[in-house]
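Each remark here refers to the structure printed beneath this line.
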Amino acid sequence: MSANAQVAEVFDQMAAALELLGANRFRVNAHEKVARVLRDLTDDVRAVVEENPPAAVARLRSFDGIGESSAKKICEWVETGSVPEHQKLLSQVPLGLFEVLAIPGVGPKAAKLMWEELGIESLEDLKTTSDEALSSLPRMGKKSVEKIRQAIDFSEKSGDRVPLGVARPMAQKLVAELSKLDGMQQVDFAGSLRRGKETIGDIDILVATTDAEAVREAFCSHPDVTQVLARGETKCSVRLENERGVVMQADLRIVPEEAWGAALMYFTGSKEHNVRLREIAIGKDRHLNEYGLFSGTAERPQDRGETPVAAASEESIYQALELPFVPPEMREDRDEFSDRWNGEALISLSDVKAELHAHTTASDGRLSIEELAKEARRRGFHTLAVTDHSKSQPIANGLDEDRLLAHIDAIRKADAKIDGIRILAGSEVDILADGSLDYDDELLAQLDIVVASPHAALRQEPVVATERLLRAIRHPLVHIIGHPTGRIVGRREGLSPDTKRLYEAAVEHDTVLELNSNWNRLDLRDAHLRAALQAGCKIAIDTDAHDTWQLDHLVYGILTARRAGMRPEQCINTWPADKLHSWLESKR
DNA sequence: GCCGTTTTCGGCCCGACTGTTTTCAGTCG
C-alpha cells in the first residue's frame, strides 16, 4: 500500500474513533477530508517529508483540507511509523467496532450504545447478540433490529462495491425499460455511476413522469428485482441481481419535471461537490437544494411556494451561480471550483478515431486481423494497431521472434487488402522485471508501434518499479506504456512507482502513457491521470480488446479521462491520421 | 480540525425518511 493510502487509513480510523467517542462532528469531518485528500494526492507524502523535513509542515499545509495539526501528524507518521494521537484513540475504542459502524443504518450513536450498554466490540459480537438485548437499547425497536440483521446479511452476500463496467449495464437496462413507459418525461441514472467512478455502491435512477404509479410498478416488478426494500410515493428501493449473480441495491426517485436539473444535480453528487456548491450559493445570497436555486438564504423556500431562480436544467443552475458548467465526472470537489476549470469541452467518445492496443488470434484474442480491422472501421476509426503479446507471456500465447515476423507480414497484407482503415503492425511487449524489453531493438524497429506493458513482478518495491518503468519510458523505440501500474480494480494494487518522475520522463522522452479502458484495469486511474495531464503528458486511451464487445469498453476509459479533466487534444487517439502516423514514425 | 478580498474566531449544506416517538433523534446521500 502506498504511503498516502496508509496515512489516509490512519485518518479514517481517527475519524471513526472520534465519531464513536462523540467528538464534534466538524472535527470528524475534517479528519475524513484529510483522508480523502491524501488518497487523491499524487505527491507522495513520504517523499515530501523526507526530501525537506524543515519545510514539510508548510508544504503539507498547502494542500487544501490539511491544516497545522494534520500536517504534524503526517510528519510523525513518516518519521516514526505511527501517530501518537491515533494510538491513543485506538486504545479508547475497540477496532472491531469500526465494522459495526460500517453497517448501513448503524451510525455512531447506535454503535456507541451497543458498545457501552451491551459490550459489543465487533461485528461478530453483534451477530451473536440476541434480538431482545438489542431492542432493549433506546430508540431501538423490533424493526430497527430487523433492518440491522438484513443489512449485515446483505453486506456479507454482496461484498464490496461493484466495478463500473458491471453496474453500468445493469442501470442502462433499467433506464431503457423505464423509458418505454407512457407518461415518461425524463429518466436517467445519477450518483457515482453518472460520475463514472471506478466502483459503484448502488444504482440511483431518477425519473420525471406524469404516471408515477406505472413507474413504481415497473421498477418494483422488474424481472431482475429479487426484493423490494421500500416502496414510497417518491422513492422505491430494490435489490437487483444480474444474470451472473451480482447483487446491487437500486433506488428510484420520482421528481417533478420542473425541478429536473436541481434533482439530477443533487442525486448525482458528489456529496462534497454539493456541499461546496451550497456554500457558494449562500455566499451569493442564494439557497440551493434539490428543488432548485432560490433567492435569499431562508430555509425551505419551496414550502412557501417560491419560484426558483433556476431548477429545470443543471446548466441553468451553474449559470445562475456564475460558474462554468461542471460535467458530472468532475464533481468531486477537487479543483472544479478553481480557476483551473474554465468549462472547456472535455474529451468524449466520438473524439476517438484510433485503437492502438488490441489483440488477435495470433496471441490470446478472439478475432482475426481482418475481423478486428473491420470492427474498428465500423466504429469510424482511421487507425487500428494490432498489438499481440510478446514471448514472455506464454499463458497468453505470446509470440516468439519467428512468429512475430510472420505476424508482421500478415498484418501488412491485411492492411493492403482492407480499405478505409490503416492497420499498424505492433506489439504489446512485456516490460521485464528489470525494465528491459521482451524483444531486441532490431525487431522492435520493424514494428510501426510498440506498446510496452508490465505483466509480471507487480509486487516490486516502489523504488525498483520506478526504475523499471523509467527504463521503458526512456527506450527510444517505445511509443506507449500500456497499463502502467498493472493494477486490477479492487483486486490487485499493482506497482506504486514515483509517478512524478515517470510523468517528467514521459514528457522529456515524448513517450505516451496509456489509460487502459478495460473496467478491470482503468490504469492509469483518474487521480494519476489528472497529475499526468497537469505534468504535460500525452495519453493514449485504448481498450486492450480481445474480442468485439470489448471495444465497447472505450466508454469506461472516456469516463475516467473526463474525471481527470482531459481535453481531446491531450489524447493521441483523437488526432487526425496524418498527425498520429507522423508522430509514430518520429520514433523510428 | 479547517478556514478567511467582508472573518485569526465563529462559523462549518440540506432535506427525506424511518422508527420511535407524543415532538424528534439518528442516519443517509
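Chain letters run A, B, ... following the sequence lines, proteins first and then strands; every chain starts at 1.
Note on Leu113(A): nothing from the nucleic acid sits closer than 4.0 angstrom, heavy atoms only. Heavy atoms of Lys143(A) sit under 4.0 angstrom from primed sugar atoms or phosphate atoms, though from no base atom. Residue Lys33(A) is classed as having no contact, given no heavy-atom separation below 4.0 Å to the nucleic acid. Within 4.0 Å (heavy atoms only), Val106(A) reaches sugar-phosphate atoms of the nucleic acid but no base atom. Looking at heavy-atom distances under 4.0 Å, Ala281(A) makes no contact with the nucleic acid at all. Pro104(A) comes within 4.0 angstrom of the backbone, heavy atoms only, and of no base. Within the nucleic acid shown, Ser270(A) has no heavy atom closer than 4.0 Å to any nucleic acid atom. Residue-level contact check: Lys112(A) touches neither bases nor backbone, having no heavy atom under 4.0 Å from any strand. If you check every strand for non-hydrogen atoms under 4.0 Å, Leu288(A) touches sugar and phosphate atoms only.
Ion pairing between a basic and an acidic side chain is recognised when a charged N comes within 4.0 Å of a carboxylate O; Asp333(A) and Arg276(A) show such pairing. The existence of a salt bridge linking Glu9(A) and Arg39(A) is confirmed by a sub-4.0 Å separation between a basic side-chain nitrogen and an acidic carboxylate oxygen.
If you take CG of Asn274(A) and P of dC14(B), they are 12 Å apart, rounded to a whole angstrom. Distance, Asn289(A) CG to dG29(B) C1': 14 Å, rounded to whole Å. Whole-Å rounding puts the Leu206(A) CG to dA16(B) P distance at 15 Å. Here the P atom of nucleotide dT20(B) and the CD atom of Glu146(A) are 12 Å apart, to the nearest Å. Atom C1' of nucleotide dA25(B) and atom CE of Met140(A) are separated by 12 Å, given to the nearest angstrom. Remark: C1' of dA16(B) and CZ of Arg253(A) are 8 Å apart, rounded to the nearest angstrom. Protein atom CD1 of Ile148(A) is 11 Å distant from nucleotide atom C1' of dT27(B), rounded to whole Å. Rounded to whole Å, the distance from CG on Leu137(A) to C1' on dT21(B) is 17 Å.
Of the P atoms belonging to dT6(B) and dC2(B), the separation is 23 Å, rounded to the nearest Å. Between dC3(B) and dC13(B), the distance separating the two P atoms is 14 Å to the nearest Å. Taking the P atoms as reference points, dT5(B) lies 23 Å from dG1(B), given to the whole Å. Taking the P atoms as reference points, dA25(B) lies 16 Å from dT20(B), given to the whole Å. dC9(B) and dC14(B): their C1' atoms are spaced 25 Å apart (whole Å). The separation of dT21(B) from dG26(B), taken at their P atoms, amounts to 12 Å, rounded to a whole angstrom. With C1' as the reference atom, dC12(B) and dT7(B) are 13 Å apart, rounded to whole Å. Atom name P, nucleotides dA16(B) and dG11(B): the rounded distance is 26 Å, in whole Å.
Taking only side-chain atoms of Arg139(A), from C-beta outward, the nucleotide of dT20(B), dG1(B), dC14(B) with the closest atom is dT20(B). When distances are taken from the side chain of Glu290(A) to each of dG1(B), dG15(B), dG29(B), the shortest belongs to dG15(B).
Residues passing the side chain to side chain contact (heavy atoms under 4.5 Å, CB included) test with Gln302(A), sequence neighbours excluded: Asn289(A), Tyr291(A), Phe294(A), Arg300(A). Residues passing the side chain to side chain contact (heavy atoms under 4.5 Å, CB included) test with Val187(A), sequence neighbours excluded: Val175(A), Leu178(A), Ser179(A), Met184(A), Ile205(A), Val207(A). Applying the side chain to side chain contact (heavy atoms under 4.5 Å, CB included) test to Glu332(A) and every residue at least two apart in sequence or in another chain returns Arg195(A), Lys197(A), Ser270(A), Arg334(A), Arg563(A).
One finds a side-chain N or O of Arg27(A) lying less than 4.0 angstrom from the OP1 or OP2 phosphate oxygen of dG1(B). OP1 or OP2 of dG26(B) sits under 4.0 Å from a side-chain N or O of Lys109(A). For Arg300(A) and dA16(B), the shortest distance from a side-chain N or O to OP1 or OP2 is below 4.0 Å. For the pair His287(A) and dG15(B), the criterion of a side-chain N or O lying under 4.0 Å from OP1 or OP2 is met. In terms of phosphate contacts, Thr234(A) brings a side-chain nitrogen or oxygen within less than 4.0 Å of OP1 or OP2 of dC17(B). Neither OP1 nor OP2 of dT18(B) sits under 4.0 Å from any side-chain N or O of Ser144(A).
The pairing partner recorded for dT8(B) is none, the criterion being a Watson-Crick or G-U wobble arrangement whose two distances lie under 3.5 angstrom.
Judged by closest nucleotide on DNA chain B, Lys73(A) is the one of Asp202(A) and Lys73(A) placed further toward the 5' end. Nucleotides of DNA chain B nearest to Lys235(A) and Arg278(A) differ in position, and the one nearer the 5' end is that of Arg278(A).
Within the structure, no pair that satisfies the side chain to side chain donor-acceptor pair (under 3.5 Å) test touches residues 18-32 of chain A, not counting sequence neighbours. Identified under the side chain to side chain donor-acceptor pair (under 3.5 Å) test for residues 79-105 of chain A, with sequence neighbours left out: Gln13(A)-His86(A).
Evaluation of atom-type donor-acceptor distances gives no pair under 3.5 Å for the side chain of Tyr291(A) against the base of dG15(B).
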Which letter, B, S or -, goes with each nucleotide of nucleotides 3-12 of chain B from 5' to 3', with contact meaning a protein heavy atom under 4.0 Å?
S--------B
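Asp251(A) and Gln249(A) share a donor-acceptor pair across their side chains, judged by distance under 3.5 Å alone.
In this structure, the ring of His273(A) has its center less than 6.0 angstrom from the ring center of Phe337(A).
Of all heavy-atom pairs spanning Trp519(A) and Pro163(A), the tightest one is CE3-CB, 3.6 Å.
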